[in-house]
2 protein chains.
Amino acid sequence: MPRRNPAKKLTPAIPRYLEIARDIEQAILSGRWPPGHRIPPETDLTKRYACARMTVSKAFSSLVSAGLIERRRRLGTFVAMPSRQSAVLEVRDLKDEILARGSTYRYQLLSRTLGRALTPEATKLGLSKGAPVLRIKALHIASDTPFALEERLINVGEVPRSAEEPFTDISGGAWLIAHVPWTEAEHRISAAAANAFESNKLQIAPRSACLVVERQTWRLGRAITSVRLVFPESMHHLVARFTPRQN
Amino acid sequence: MPRRNPAKKLTPAIPRYLEIARDIEQAILSGRWPPGHRIPPETDLTKRYACARMTVSKAFSSLVSAGLIERRRRLGTFVAMPSRQSAVLEVRDLKDEILARGSTYRYQLLSRTLGRALTPEATKLGLSKGAPVLRIKALHIASDTPFALEERLINVGEVPRSAEEPFTDISGGAWLIAHVPWTEAEHRISAAAANAFESNKLQIAPRSACLVVERQTWRLGRAITSVRLVFPESMHHLVARFTPRQN
DNA sequence: GTAGTTTAATTGTCTATACAATTGGGCGTG
DNA sequence: CACGCCCAATTGTATAGACAATTAAACTAC
C-alpha cells in the first residue's frame, strides 16, 4: 500500500520528473554529456533522486520525445546524436497574420472555376485525369496593398462541400481549416521572379523577387488541396523557431 | 528446454496505451470528434478499456505532445483547435544537401576577420558594442556553380575556440554544429533581389530573385552565431513536412 | 573453438492507490 | 444582485510493486 510521506510534502513549483529531465538536459546541452554518452540507468537515478522508477521513466520519456536521448533495452539510455536538425515553422492564416501586424485585411476573389483536372493538376494532387477540381485565384490585401496572390486547387472528390462554397468572402485556406481536418502537409519554400500575371495583380515590377510558398495537404493519404502563395519581396517573411526542449 | 511459460499472458503487439491513443486519434482525424469536442474523462475510459488510469493518462500524454488534444483540470480533455498549425522544417548542412542531390561540393572562404562588434552587429547578437566577433564570408559551390553565399557572425566571447579556427576547409555551420551545442534557434525566411556583391559572387544577374535564410542560434540564452544565407532563385527550396500523429 | 543456452541488466508496460492542484458551479449571506 | 466560500469533477504527479521484452555477455556441451 503506498503510504504517503507523513511530512505532508506539498508539491513544489516544478514537479519531480521535470527536475530530473532538466538536470539531464542541462548535462547534455552544456556538453558535459556528449552524444553517445551513456546516461545512468533508471535504477541509479531512482536512488540518487530518492523517487520511484516511474518518475525517472517519465523524465526520460519527455527527453525521448524531444529527441535528446535514445533508449534501448538492456543496453541503456544514451545521449542522441545530433543527426538532423529541425525547426518548427509556424503557419498561420494570412488574415490573422495581417491583422496582427495592425493592417486592415481584405480578401478579393479573382476567379473560381469548377472543372475537371488536367494532367498536371491530376499529377499534383495524385488523382486521375478528369477528376473534379475547384480552381481558385484570389488576392490577400493588407491596408490596400496587395499582400499575397493565392492560386489554389481543391480536390472536390475529397471535399464535396467545397463545390457549393462561393469563396467570395472567405479564403480557401480559412474555409478548409474550419471544415476539413488534415493529417499531413508539405511546404515548399522558394524564391522566384514575378511573372506578368503576378506582377500585375500584386502591383509590383515585372521580374521582381517574390517569396513562393507551395503547400499541399492530405487527409488520410488522399490529397485535399494544393496552394501556391506568392508574396512580394519585403511583404512577408516566415519565421521558424526551435527549442530542443519540448513538454 | 526453454523454461518459457507459454500460457502466460503475452504482451500484445501493440501496448494498451497506444491502442487507446490510436482510437482517439482516429476519431479526431476522421472528423467524428471535431475540434473543441470534449473527450470522455480518464475515469470513463478507464472503465471502457478496463485498465488503470495511468494507462489512459499515458495515452493522453502522447496525444498532448502531438498537439492533437488539450487538457485542463476540472474542465476535461478537448480536441485541439487546428489554429496554430506548425510544420517541421528540416534544416540540414548544405554540404550534405548538395552531395545528396548528386552534385560535387566545394567550399570557398571569401573573407575572415576577427574584430570588435559594430553597433548593428552587437544589436543583432545581443552583445555590447566592441565585443569580439568573427566575421566570415564564404561560398558554397555545387558542381562548380555557386549555390549559396554565406555571411556569418560568430560571438567569440561565447565560442572562444572559433578564433583559432581558420575556416578555410570547413564551413562555419559545420564547425559550429560539431563543436557547440545550441538550445534555441530562429530562422527568418524571405525573398530579396540580389545586390551587387551577391550577384557578383553568385554569378547571377543583378536584382535577380534570391531566397534568403537568416538564422540565429543561442546557447542557454546567449547568442552563438548569426548567419545569412543567400540562394539564387531555383537553386534551392526549403521543404517542411508535418504529420500530426507522433506515436 | 563453436554453437547453442542461460543469465542478468535494463527498459517497457501496467496496476492500484493516494493526494495535490485547478476551477466552474452552486450556495449562502449581506 | 454581488461577493465570497465551499464543493466536486477532472487532471497532474507520485509511489511501490509486478512482470514482459530485449539482448549482450557469460556459460555449457560438444
Side-chain angles (χ1 to χ4, degrees), chain A residues 1-24 36-65 68-80 246-247, chain B residues 1-24 36-80 246-247:
Chain A
M1 317 308 113
R3 192 65 224 130
R4 202 64 165 103
N5 210 328
K8 181 96 177 194
K9 182 176 50 179
L10 278 235
T11 51
I14 141 170
R16 212 60 201 291
Y17 80 93
L18 262 189
E19 182 191 338
I20 301 173
R22 285 198 190 164
D23 284 356
I24 295 170
H37 175 87
R38 183 163 191 267
I39 296 173
E42 291 184 353
T43 46
D44 286 21
L45 296 183
T46 291
K47 278 174 217 143
R48 181 177 323 167
Y49 286 95
C51 66
R53 189 165 79 91
M54 275 291 297
T55 305
V56 177
S57 176
K58 198 169 177 182
F60 277 158
S61 292
S62 71
L63 294 172
V64 165
S65 76
L68 269 185
I69 64 173
E70 286 171 3
R71 319 193 70 193
R72 289 180 55 199
R73 278 177 174 155
R74 153 84 222 206
L75 294 190
T77 303
F78 303 86
V79 177
Q246 195 66 289
N247 79 323
Chain B
M1 201 59 170
R3 62 179 223 77
R4 192 168 296 290
N5 199 336
K8 212 68 179 194
K9 179 185 59 177
L10 282 224
T11 50
I14 137 170
R16 208 87 167 91
Y17 80 92
L18 263 190
E19 181 192 338
I20 301 173
R22 287 198 187 162
D23 283 357
I24 296 170
H37 175 87
R38 183 163 191 266
I39 295 173
E42 292 185 352
T43 46
D44 286 21
L45 295 182
T46 290
K47 278 175 217 141
R48 182 178 321 168
Y49 286 94
C51 65
R53 189 165 80 92
M54 276 290 299
T55 304
V56 177
S57 176
K58 198 169 178 183
F60 278 159
S61 292
S62 71
L63 294 172
V64 165
S65 75
L68 269 185
I69 63 173
E70 286 171 3
R71 319 192 70 193
R72 288 179 56 199
R73 279 177 171 150
R74 153 84 224 206
L75 294 190
T77 303
F78 303 86
V79 177
Q246 192 63 291
N247 98 309

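The sequence lines fix the lettering, A, B, ..., with proteins before strands; numbering per chain opens at 1. These numbers come from the heavy atoms of this one structure, side chains and all, not from hydrogens, waters or symmetry mates.
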Next item on the list: Please list, chain by chain and in numerical order, all residues satisfying side-chain contact (heavy atoms from CB on, under 4.5 Å) with R38(B), sequence neighbours excluded.
Entry: P41(B), F78(B)
Next item on the list: Could you list the residues that satisfy salt bridge (charged side-chain N to carboxylate O under 4.0 Å, His left out) with R53(A), not counting sequence neighbours?
Entry: E42(A)
Notebook entry, point to check: How long is the line joining CZ of R16(B) and C1' of dA20(D), in whole Å?
Noted result: 16 Å
Next item on the list: Just call it for T43(B): base, sugar-phosphate, or nothing, with non-hydrogen atoms closer than 4.0 Å on any strand.
Entry: nothing
Next item on the list: Using the test side-chain contact (heavy atoms from CB on, under 4.5 Å), find all partners of R48(B) that sit at least two apart in sequence or belong to another chain.
Entry: P40(B), L45(B)
Next item on the list: Starting from the 5' end of DNA chain C, give me the residue, A50(B) or R71(A), whose nearest nucleotide shows up first.
Entry: R71(A)
Checklist line | R73(A): side-chain contact (heavy atoms from CB on, under 4.5 Å) partners, not counting sequence neighbours | finding: none
Notebook entry, point to check: By side chain to side chain donor-acceptor pair (under 3.5 Å), which residues pair with D23(A), not counting sequence neighbours?
Noted result: Y49(A)
Next item on the list: Between A52(A) and L75(B), just flag the one whose closest nucleotide in DNA chain D comes earlier from the 5' side.
Entry: L75(B)
Review item, nucleotides 5-7 of chain D N/O atoms under 3.5 Å of protein N/O:
none

Margin query: Less than 3.5 Å apart, any donor N or O on the side chain of T55(A) or R16(A) sitting next to an acceptor on the other?
Written below: no
Notebook entry, point to check: Considering only side-chain heavy atoms of R73(A), which listed nucleotide, dG12(C), dT15(C), dT13(D), is closest?
Noted result: dG12(C)
Next item on the list: Check I20(A), I39(A), I69(A) against L63(A) for a side-chain contact (heavy atoms from CB on, under 4.5 Å) and give me the one that passes.
Entry: I69(A)
Item checked: Nucleic acid contacts of residues 53-61 of chain A, taken as heavy-atom distances under 4.0 Å to DNA chain C -> R53(A), M54(A)
Notebook entry, point to check: When the distance from NZ of K47(B) to C1' of dA16(C) is rounded to whole Å, what number comes out?
Noted result: 16 Å
